[in-house]
J.: 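Below is one structure. I have some questions about it.
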Amino acid sequence: MSDIATVLRRALQPADADPDLPEGTPAAVVVPLLDLDEPTLLFTRRTDLVRDHKGEISFPGGVRHADDPDLMTTALRETEEELGIGRDAFEIVGALAPVQTFVSGYVIAPFVGVLARRPTLRPSPVEIEEVLELGVAGLASEERKVVPDGAPPGLPPMYVYEMGGQIVWGATGRIVHGFLEVLREGGWIKKEE
């Protein structure tokens with residue numbers, strides 16, 4: 001196991017129980033970490049055929065179904081449906097803090113899943129327009145904290161990552177920020193002075 005996976009395993013919340021979620025529609029995602037020479041996160045660009053967040057960059061996941069026993073099951077089921085990555089391909093090393101969407105009302109539980117090798121992908125043509133790989137170190141160096149003009153008081157800042165013409169923002173940007181903060185606290189990424 002690499003040092004990034006070790007840092008994550010030590011620092012993340014356990015993934016063995018559902019997190020306490022604020023008001024909203026429960027959803028879950030996998031934050032897929034390719035544990036290669038240069039650790040990389042897998043993202044998806046949603047098609048224009050999906051109901052919510054058309055064309056946006058996100059992590060694979062979706063809304064909890066009534067027959068999902070827990071949110072980790074939701075995240076793994078949705079990832080298998082969207083990308084064709086089997087549940088057993090991931091080592092779930094822990095959970096990040098839940099994140100709310102402001103427009104669609106979802107409360108997202110993110111689970112970090114390590115992939116020891118590059119999986120064969122079979123993206124759903126209905127849900128996934130494109131699969132993106134963005135390096136963890138690159139995301140850390142490109143992170144921008146943005147407070148929109150005229151934002152209401154109490155609205156959390158946005159975190160924006162622009163790499164290779166791709167822009168990660170919104171709830172996905174907040175999940176990436178939480179992931180990077182864990183790595184900063186664990187010493188894997190040097191903190192800004």
Side-chain angles (χ1 to χ4, degrees), residues 1 4-35 39-47 49-54 56-133 136 168 170-179 182-183:
M1 171 178 305
I4 191 171
T6 301
V7 167
L8 290 166
R9 178 180 279 121
R10 278 195 315 253
L12 290 172
Q13 300 169 21
D16 54 359
D18 277 353
D20 289 330
L21 298 179
E23 189 82 19
T25 303
V29 298
V30 171
V31 178
L33 173 65
L34 287 170
D35 193 6
T40 301
L41 294 181
L42 282 180
F43 294 87
T44 62
R45 179 181 304 284
R46 298 169 59 80
T47 67
L49 303 173
V50 295
R51 188 179 74 184
D52 294 318
H53 304 285
K54 297 174 187 297
E56 291 183 11
I57 294 174
S58 63
F59 289 114
V63 175
R64 183 178 193 163
H65 289 183
D67 57 347
D68 290 340
D70 54 41
L71 285 166
M72 186 166 60
T73 300
T74 301
L76 292 169
R77 175 186 52 73
E78 288 281 344
T79 300
E80 190 165 6
E81 290 172 8
E82 292 179 12
L83 293 177
I85 303 173
R87 301 161 197 227
D88 57 348
F90 289 102
E91 177 192 354
I92 300 296
V93 294
L96 293 162
V99 170
Q100 291 183 280
T101 63
F102 297 118
V103 175
S104 54
Y106 295 114
V107 181
I108 304 166
F111 297 92
V112 178
V114 176
L115 294 161
R117 64 184 69 72
R118 188 177 308 282
T120 300
L121 300 175
R122 293 180 307 282
S124 162
V126 173
E127 296 185 77
I128 306 303
E129 182 72 30
E130 180 180 12
V131 178
L132 307 168
E133 294 184 18
V136 173
V168 178
T172 304
R174 290 193 308 281
I175 292 169
V176 171
H177 174 71
F179 176 83
V182 167
L183 294 177

J.: If you round to the nearest 0.5 Å, how far is CG of Leu41 from CG of Leu132?
T.: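 Answer for the CG-CG pair, Leu132 versus Leu41, is 11.5 Å.
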J.: Table please: side-chain donor-acceptor pairs of residues 111-122 below 3.5 Å, with sequence neighbours left out.
T.:
| unit_1 | atom_1 | unit_2 | atom_2 | d |
| --- | --- | --- | --- | --- |
| Arg118 | NH1 | Glu133 | OE1 | 2.7 |
| Arg118 | NH1 | Glu133 | OE2 | 2.5 |
| Arg122 | NH2 | Gly84 | O | 3.0 |

J.: CD of Glu80 to CD1 of Ile85: how many Å apart, nearest 0.5 Å?
T.: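 Taking CD in Glu80 and CD1 in Ile85, the distance rounds to 9.5 Å.
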J.: Using 4.0 Å as the upper bound for N to carboxylate O, is an ion pair formed by Arg45 and Glu130?
T.: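 Salt bridge between Glu130 and Arg45, a charged N being under 4.0 Å from a carboxylate O: yes.
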J.: Which heavy-atom pair separates Ile4 from Pro39 by the least distance, and what is that distance?
T.: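 The answer is CD1-CB, 3.8 Å.
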J.: Specify the closest pair of heavy atoms between Val182 and Ala11, including all atoms of both residues, with the distance to one decimal.
T.: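 So the two residues come closest at CG1-CB, 3.5 Å.
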J.: Nearest 0.5 angstrom please: Thr172 OG1 to Ile108 CD1, how far?
T.: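 The CD1 atom of Ile108 is 6.5 Å from OG1 of Thr172, to the nearest 0.5 Å.
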J.: Quick check against the 3.5 Å criterion: does Glu82 have a side-chain atom that pairs as donor or acceptor with the backbone of Phe59?
T.: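 Side chain of Glu82 to backbone of Phe59: no pair is present.
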J.: So for atom CG, which belongs to Asp67, do other residues, nucleotides or ligands contribute more than 12 heavy atoms lying within a distance under 6.0 Å?
T.: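 Atom CG in Asp67 is packed in, count exceeds 12.
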J.: Please step through side chain to side chain contact (heavy atoms under 4.5 Å, CB included) for the pair Leu96 and Leu12, ending with a clear verdict.
T.: CA-CA 6 Å; Leu96 293 162; Leu12 290 172; 3.5 Å; yes
J.: Specify the closest pair of heavy atoms between Gly24 and Pro26, including all atoms of both residues, with the distance to one decimal.
T.: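 Of all heavy-atom pairs spanning Gly24 and Pro26, the closest is O-CD, 3.4 Å.
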J.: Could you tell me whether Asp18 and Arg64 have a side-chain N and a carboxylate O separated by less than 4.0 Å?
T.: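 Between Arg64 and Asp18 there is a salt bridge, with a charged N closer than 4.0 Å to a carboxylate O.
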J.: Tell me the closest heavy-atom pair linking Val131 and Pro123, and the distance in Å.
T.: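 Nearest pair, atom of Val131 first, then Pro123: CG2-CG, 3.9 Å.
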J.: Are any side-chain N or O atoms of Thr101 and backbone N or O atoms of Tyr106, one a donor and one an acceptor, separated by less than 3.5 Å?
T.: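 Pair found, side chain donor or acceptor close to backbone of Tyr106.
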J.: Please report the shortest heavy-atom distance between Pro125 and Thr47, naming the atom on each side.
T.: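 Residues Pro125 and Thr47, closest heavy atoms: O-CG2, 3.6 Å.
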J.: Can you tell me how far CZ of Phe90 sits from OG1 of Thr79, rounded to the nearest 0.5 angstrom?
T.: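 So the gap between those two atoms works out to 5.5 Å.
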J.: Is it true that a side-chain atom of Asp68 and a backbone atom of Leu71 form a donor plus acceptor pair closer than 3.5 Å?
T.: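 Here the side-chain-to-backbone pair does not exist.
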J.: Rounded to the nearest 0.5 Å, what separation is found between the CG atom of Leu8 and the CG atom of Leu183?
T.: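 Nearest 0.5 Å value for the CG-CG distance: 5.0 Å.
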J.: Between Pro98 and Val107, what is the shortest heavy-atom contact and its length?
T.: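 Where Pro98 meets Val107 most closely, the heavy atoms are CB-CG1, 4.3 Å.
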J.: CZ of Arg87 to CE of Met72: how many Å apart, nearest 0.5 Å?
T.: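 Reported to 0.5 Å precision, the distance equals 10.5 Å.
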J.: Could you work out, with side chain to side chain contact (heavy atoms under 4.5 Å, CB included) as the rule, every residue matching Ser124, not counting sequence neighbours?
T.: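 Partners of Ser124 by the side chain to side chain contact (heavy atoms under 4.5 Å, CB included) criterion, ordered by chain and then number, come out as Val126, Glu127.
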